[in-house]
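The figures that follow rest on heavy atoms only: side chains count, while hydrogens, waters and symmetry mates do not. We name chains A, B, ... by the order of the sequence lines, and we start the count at 1 in each one.
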There are 2 protein chains.
Amino acid sequence: MAPTKCATCPLRSRPLFKTNTDEEIAFINEMRRGTLKFSAGAQILSQGDDDSDLYTLYSGWAFRFKELEDARRQILNILMPGDFMGFHVSPHTGAPYGIECLTEVEVCVFPKRKLWDLFRNHPGLAYDVTWLTAHEEGIVDDNLLSVGQRSGMERVATIVLAVYKRARQLDLVQDNALDFPLTQQHIADMLGMSLIHTNRVLRRLHRDGVFTLARKKLRVHDTSALRSLAAWAETPVPKRPLI
Amino acid sequence: MAPTKCATCPLRSRPLFKTNTDEEIAFINEMRRGTLKFSAGAQILSQGDDDSDLYTLYSGWAFRFKELEDARRQILNILMPGDFMGFHVSPHTGAPYGIECLTEVEVCVFPKRKLWDLFRNHPGLAYDVTWLTAHEEGIVDDNLLSVGQRSGMERVATIVLAVYKRARQLDLVQDNALDFPLTQQHIADMLGMSLIHTNRVLRRLHRDGVFTLARKKLRVHDTSALRSLAAWAETPVPKRPLI
DNA sequence: CGAGGAATTGACCGCCATCAATCATAGTGG
DNA sequence: CCACTATGATTGATGGCGGTCAATTCCTCG
């Protein structure tokens, strides 16, 4: 359950997140209308929606995706606690993507019409919003690099490594293991590969002892093997803002 | 040549761009340190650069890209007049991508240290910066959808259509034709395909009379054929800000 | 006119998609 | 407690889209 006060938000105390001034946190707290819960599989946002609020993912995992008419689906990036959602939605053009929950999800809700207040009176927070948007673009850049240039094996290694690092920053890793709610179909849709080929690649990495992925648990045994498999172009992440 | 005053910027008068208040334009004008010229092939920004100013592309074409160690290159998006560059560069982590010119390019230069002034005193412009960042992410989303899910033929059709529409909005199209500075290698690197396969696909579309691409000139004959080939998921663009 | 980049075409092949079937796991109702 | 069902994972067989190697032609430009 999300706390009622942003000042005591347990996310914010993680070293991953930067600090804000008390005044800024007070404003966030006041702007926050409350929280919403979604169950696994529910859509926080559907492609084409012409109205949405702004959300910060508080707990759980989700993903952002686009679909073609014939139901081919590309997952654009994975959303984890601290990620900010909904800025792209315009009433004129509608949401260019959908967001679907992988687990039960809790989000903090911010009414979009207050965004102007935020930009007007809290330039530091406005900058944070921009930073979060730019950061998400960086993730998509990385995914595009993978899908466009890396082999199947490299893609899988890259995404596993990226998720693992992100999860560790969020303190979701214990004994090199974490809860991993993606199915192989999700991984396939994220990497632009067929489900079957994705399975074969996972199987191979499993057999080689790089990591194991079974029953929604990911266990990484050999990060250095992962790194070399990934043809890794490291994109470091400094402290990130939380809104 | 860029005019010395932003108020008389010929870009701004295009219907593609939204209006700003006189005060905002005055601020942009004051923040602008001047212009820089690059020749075709020059890099405005190199992957890893730990310092850069902010730029608005005034004339010419460029592209944003990422490379792996072994020189595989993914072009992330094409940059055309009005595009904003450099926000992602942080002194701590360096530029996560490079920017290279396709033609001779002229950019307007804004010192990054004045960005705080902009956010503090001109929330409307701050919002514009965020919008531009978010919009670019939308383009990358589209490209990822293409590279991940579309066939070679569909990818080529999609990108040609997208460039054509963008060029038309910028008044670069006359008689269905425009100057098109990308080589087939660029298209290949953008679509995650080999040069040779890209050539074959282009050849086929050429033979079928959909468009012709020769001598740096793109001529589109059948946009509706393009649209159906692209399995198009239209992402409409409203008026965009210009900084 | 020569040189070098870009485009084109052919031959060959492999990674990965597709089709199909089986197995594993978990949840449900009788 | 055990069919029964649904979802997800796994494996085999086959084929095609698109990658790779190689050679030639075309353009552009000094």
SB check Asp141(B) Lys66(A) (cutoff 4.0 Å): no
salt_bridge(Arg64(A), Asp83(A)) N-O dist < 4.0 Å: no
Beyond-backbone contact of Glu136(B) with Leu76(B), side-chain heavy atoms, under 4.5 angstrom: no
Note, Gln169(A) side chain near Met80(A) side chain (heavy atom, < 4.5 Å): no
Nearest to the side chain of [X] - [options]?
X: Ser194(B); options: dT28(D), dC16(C), dT20(D); answer: dT20(D)
X: Arg203(B); options: dT9(C), dT11(D), dA26(C); answer: dT9(C)
X: Thr183(B); options: dA17(C), dA6(C), dG19(D); answer: dA6(C)

Sugar-phosphate, base or nothing in reach of Arg200(A), heavy atoms under 4.0 Å: base
Touch class at under 4.0 angstrom, heavy-atom based, for Gly192(A) against every strand present: sugar-phosphate
Full working for side chain to side chain contact (heavy atoms under 4.5 Å, CB included) between Leu226(A) and Asp222(A): CA-CA 6 Å; Leu226(A) 270 188; Asp222(A) 191 344; over 6 Å; no
Whole-Å distance separating the [atom1] atom of [X] from the [atom2] atom of [N]:
X: Leu195(A); N: dC19(C); atom1: CG; atom2: C1'; result: 13 Å
X: Arg155(A); N: dC16(C); atom1: CZ; atom2: C1'; result: 9 Å
X: Gln184(B); N: dT28(D); atom1: CD; atom2: P; result: 14 Å
X: Ile196(A); N: dG8(D); atom1: CD1; atom2: P; result: 15 Å
X: Gln185(B); N: dT8(C); atom1: CD; atom2: P; result: 14 Å
X: Gln149(A); N: dG19(D); atom1: CD; atom2: P; result: 10 Å
X: His206(B); N: dT8(C); atom1: NE2; atom2: C1'; result: 12 Å
X: His197(A); N: dG14(C); atom1: NE2; atom2: C1'; result: 11 Å

Nearest-nucleotide 5' precedence on DNA chain C, Val201(A) against Leu182(B): Leu182(B)
dA7(C) OP1/OP2 closer than 4.0 Å to side-chain N/O of Asn199(B): no
